[in-house]
Asks: 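Got a structure for you, questions after.
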Amino acid sequence: MVPVHPPLPTPFLRLSPSSGLWPSSSFASDAVVAVLDTGIFPSRPSFLDSSLSPPPSSWRGSCDSGPGFNSSQACNRKLIGARFFYKGYEAAMGHPIDESRESKSPLDTEGHGTHTASTAAGAAVDDAGFYQYARGEARGMATKARIAAYKICWAAGCFDSDILAAMDAAIDDGADVISLSVGATGFAPSFYRDSIAIGAFGAARHGVTVSCSAGNSGPGPYTVVNIAPWILTVGASTIDREFPADVILGDGTAYGGVSLYAGELLNSTDLPLVYAGDCGSRLCISGYLDPAKVAGKIVLCDRGANARVEKGSAVNLAGGAGMILANTAENGEELIADSHLIPATMVGESAGDKIRDYIKSQSSPTATIVFRGTVISSSPPAPKVAAFSSRGPNYRSPEILKPDVIAPGVNILAAWTGISSPTDLDIDPRRVLFNIISGTSMSCPHVSGIAALLHKTYPDWSPAAIKSALMTTAYNLDNSAEIIKDLATGEESTPFVRGAGHVDPNKALDPGLVYDSQVEDYVAFLCAIGYSTQQIALFTRDETTVNCSALTLASPGDLNYPAFSVVLSSTSDIVTYSRVVRNVGGPDDAAYEAEISCPPGVNVTVAPSKLVFDAVEQTLSYEITFASLADVAVAGSNSFGWISWSDGTHKVRSPIAVSWRQSFVASI
């Protein structure tokens with residue numbers, strides 16, 4: 001949920017109540033977004049139903065009661081459904097839910113589900129904020145869409161059978177979009193072992209768009225999850241709002257940091273500064289810091305192992321006055337604002353190294369922390385891809401580029417449960433209406449809400465067409481007109497990191513051309529990756545046996561996807577893919593010409609190079625060929641470019657990622 005601040009001409013996502021996608025879709029009035037998560041805390045103002053009409057007649061879902069969740073009071077014209085799925089959880093645990101610890105109901109006692117639901121489709125709320133931070137009007141992406149909450153995640157996690165049951169229920173209930181900020185840990189599982197991939201296949205068959213988080217396992221390669229081609233996979237990026245909290249050293253040197261600390265400020269401008277590694281625990285593990293060395297001082301702690309806010313608690317328990325949390329190489333310059341319990345800030349790896357050097361070089365090092373509130377600015381440039389955001393290549397099917405797009409997922413304000421603290425830590429007694437957190441769990445519902453807006457505008461579009469519109473209109477330059485950077489490296493991001501780019505909702509309203517796919521195309525894809533009829537039956541759930549020999553997809557890369565991920569097996573290899581585009585932007589005689597930016601080491605050609613349509617909704621095909629240049633290509637390396645089709649009004653852009661095969665190839 002991106003707050004709309006009155007001084008700004010437009011919010012970061014360029015949405016406006018007077019023009020573009022919001023009014024064109026009537027703010028997604030009557031679209032239903034199913035949010036599969038930890039449940040929902042219904043009494044938050046984001047879920048008020050002011051001015052909404054009765055639920056759509058197509059809605060068949062229910063609002064179920066349970067401990068702490070009275071359906072007659074909880075559900076309304078905004079929150080039209082609430083269910084909970086727990087049989088898989090109880091089976092895995094081997095005993096019933098302990099209702100003294102968890103609510104066996106749709107009630108969100110953790111906060112995550114309330115946050116994602118309000119981000120996707122929360123109502124507009126004036127003067128929202130987290131204490132003094134990010135105050136303004138907060139609204140979900142689709143303010144008039146209806147929300148159906150499906151609780152699938154419990155204290156011990158989210159279980160496959162519950163996820164699949166909830167996805168099937170959401171489809172049967174009449175949802176238009178499924179938002180799922182959940183994913184596997186580690187490498188993505190095989191599609192036939194992935195409950196989300198199986199459930200999403202069924203959703204695609206019924207015209208339901210499934211938007212999923214890419215995962216928070218970055219910055220390593222092959223970490224992206226929810227990678228089936230019929231899923232809309234979303235990575236996380238920053239916005240132009242920060243919460244600066246600067247470190248000022250005793251020698252006057254200042255280092256930028258971020259924080260959401262909302263308590264009493266430091267009562268001294270010059271406190272002793274120590275490194276936690278010299279005080280018993282560089283990671284600031286609770287109980288391992290020496291109070292004799294920490295009491296009354298600001299402590300520099302290294303990021304990693306334990307929760308970031310928990311480190312501050314460890315400093316506090318040892319008598320420390322404040323904390324500077326420093327990134328290590330794993331997180332680079334990525335800064336995530338946390339609602340610390342003591343005066344604290346987070347700094348990047350470079351600043352952390354310099355502060356550590358300062359401590360070593362001084363006999364009596366000192367520092368203070370200056371909290372600067374909320375700042376909206378084009379400096380530093382935004383968006384940037386979060387270091388935690390999971391990346392490609394696609395571990396199971398390298399011919400399908402993942403993630404698909406990026407969206408706001410760092411320091412996002414949205415509604416929160418009244419049961420748990422903003423940090424989810426037992427040591428934190430606070431309760432808030434809104435909270436600011438980060439993750440691809442936050443970026444996913446932004447895109448889910450945008451998908452609902454597009455669905456309302458174009459109810460006949462398939463999930464693949466909606467995905468295509470979002471991908472081919474995504475932008476790749478930040479607000480300083482430079483290629484979007486990767487916070488993990490500080491360098492330009494690649495399509496394996498940002499996918500097709502950052503979503504641009506208003507541009508997606510008029511994409512010009514779309515790359516469409518139907519369920520039979522996905523079946524052909526499963527055949528092309530070598531799945532057996534028994535494995536394919538897990539997706540189709542048909543009694544009839546699929547005849548793969550009758551399907552025409554020559555290779556996985558021939559799926560009509562709005563991006564190109566090419567695997568070359570040698571430095572002299574040549575690969576050709578086919579694509580079909582549909583004219584949805586008019587006029588009848590639209591003519592599109594191709595422009596290509598070839599990846600280094602690859603010659604890319606397209607035939608034909610001009611597409612001339614005779615009518616709106618007409619489809620035309622083209623072939624694109626990738627030829628490795630033997631004197632440039634390097635085995636095991638990657639190279640990137642793009643192809644764009646333009647009629648002078650629209651630019652239909654697809655990223656190109658080329659990989660030269662190495663010995664490692666994952667089993668599908």
Side-chain angles (χ1 to χ4, degrees), residues 20-34 53 55-60 120-121 141-142 144-146 148 170-179 200-211 229-232 404-405 447-474 503-524 559-562 579-590 592 611 613-621 645 647 649-650 652:
L21 185 55
W22 269 350
S24 294
S25 66
S26 300
F27 300 86
S29 175
D30 288 350
V32 180
V33 180
S53 59
S57 58
S58 58
W59 177 246
R60 301 175 294 276
M141 293 296 95
K144 291 189 177 181
R146 315 310 171 99
I171 296 165
D172 290 342
D173 289 346
D176 300 303
V177 176
I178 293 176
S179 185
F201 189 98
R205 169 180 267 179
H206 290 85
V208 178
T209 298
V210 177
S211 169
W230 47 86
I231 292 174
L232 180 48
D404 292 312
V405 291
V447 175
S448 304
I450 297 168
L453 296 167
L454 289 171
H455 172 78
K456 177 63 177 180
T457 307
Y458 303 111
D460 294 331
W461 277 14
S462 70
I466 289 173
K467 178 197 284 191
S468 175
L470 288 168
M471 291 178 67
T472 61
T473 60
V503 290
D504 190 334
N506 290 329
K507 287 282 184 68
L509 179 62
D510 184 20
L513 307 175
V514 294
Y515 295 80
D516 208 350
S517 293
Q518 305 301 325
V519 168
E520 53 267 28
D521 299 309
Y522 298 136
V523 173
L559 181 69
N560 201 40
Y561 214 69
R579 290 293 188 270
V580 177
V581 289
R582 186 169 80 245
N583 176 22
V584 297
D588 288 348
D589 59 350
Y592 285 80
L611 299 173
F613 292 88
D614 296 324
V616 175
E617 297 300 317
Q618 181 188 3
T619 61
L620 292 175
S621 63
W645 293 92
D647 65 348
T649 301
H650 307 92
V652 187

Asks: Taking the side chain as every heavy atom from C-beta outward, state whether Leu470 and Leu454 have any pair of such atoms under 4.5 Å apart.
Replies: yes
Asks: Between atom CH2 of Trp22 and atom CG of Asn506, what is the distance when rounded to the nearest 0.5 Å?
Replies: 9.0 Å
Asks: Apply salt bridge (charged side-chain N to carboxylate O under 4.0 Å, His left out) to Asp521 and list each qualifying residue two or more places apart in sequence or on a separate chain.
Replies: none
Asks: To check you understand the geometry: which heavy-atom pair defines the closest contact between Asp30 and Asp176, and what is its length?
Replies: O-OD2, 4.0 Å
Asks: With side-chain contact (heavy atoms from CB on, under 4.5 Å) as the criterion, how do Ser53 and Arg146 come out once you've worked through the C-alpha distance, each side chain's angles and the decisive distance to 0.1 Å?
Replies: CA-CA 10 Å; Ser53 59; Arg146 315 310 171 99; 3.0 Å; yes
Asks: Would Trp645 and Leu611 satisfy side-chain contact (heavy atoms from CB on, under 4.5 Å), going step by step from the backbone distance to the final call?
Replies: CA-CA 9 Å; Trp645 293 92; Leu611 299 173; 3.6 Å; yes
Asks: Treating Lys456 as the side-chain partner and Ser29 as the backbone partner, does any N or O pair qualify as donor plus acceptor under 3.5 Å?
Replies: yes
Asks: Nearest 0.5 Å, what's the CG-CD distance between Asp460 and Glu617?
Replies: 8.5 Å
Asks: When rounded to the nearest 0.5 angstrom, what distance separates CG in Leu232 from CD1 in Ile178?
Replies: 12.5 Å
Asks: side-chain contact (heavy atoms from CB on, under 4.5 Å) for Ser462 and Gln518? Distances and angles first, verdict last.
Replies: CA-CA 8 Å; Ser462 70; Gln518 305 301 325; 4.2 Å; yes
Asks: What distance separates Thr619 OG1 from Asp516 CG, expressed to the nearest 0.5 Å?
Replies: 10.0 Å
Asks: Nearest 0.5 Å, what's the CG-OH distance between Asn560 and Tyr515?
Replies: 8.0 Å
Asks: Taking all non-hydrogen atoms of both residues into account, name the closest pair between Val208 and Ala175 and its distance.
Replies: CG2-O, 3.3 Å
Asks: Looking at side-chain heavy atoms only, is the closest gap between Phe613 and Leu513 below 4.5 Å?
Replies: yes
Asks: So which heavy atom on Ser24 is nearest to which on Leu509, and how close?
Replies: OG-CD2, 3.6 Å
Asks: Please determine whether side-chain contact (heavy atoms from CB on, under 4.5 Å) holds for the pair Phe201 and Val519, giving the CA-CA distance in whole Å, both sets of side-chain angles, and the decisive distance to 0.1 Å.
Replies: CA-CA 8 Å; Phe201 189 98; Val519 168; 3.6 Å; yes
Asks: Minimum heavy-atom separation for Ser179 and Ser448, please, with both atom names.
Replies: OG-OG, 2.7 Å
Asks: Of the non-hydrogen atoms in Pro463 and Gly207, which two are nearest, and what is the gap between them?
Replies: CG-C, 3.7 Å
Asks: So does Tyr592 get a backbone contact from the side chain of Asp647, meaning a donor-acceptor N/O pair under 3.5 Å?
Replies: no
Asks: Say you draw a straight line from CG of Leu21 to CG of Leu453; how long is it, rounded to the nearest 0.5 Å?
Replies: 4.5 Å
Asks: Do any pairs count as a side-chain hydrogen bond (donor to acceptor under 3.5 Å, both in side chains) and have a residue in residues 463-474, sequence neighbours left out, and if so which ones?
Replies: Lys467-Tyr561
Asks: Do you know the tightest heavy-atom contact between His650 and Gly586?
Replies: CE1-O, 4.2 Å
Asks: Quick one: side chain to side chain contact (heavy atoms under 4.5 Å, CB included) partners of Ala200, sequence neighbours excluded?
Replies: Met167, Val210, Trp230, Ile231
Asks: For the NZ atom on Lys507, are there more than 12 heavy atoms of other groups (residues, nucleotides or ligands in this structure) within a distance under 6.0 Å?
Replies: no
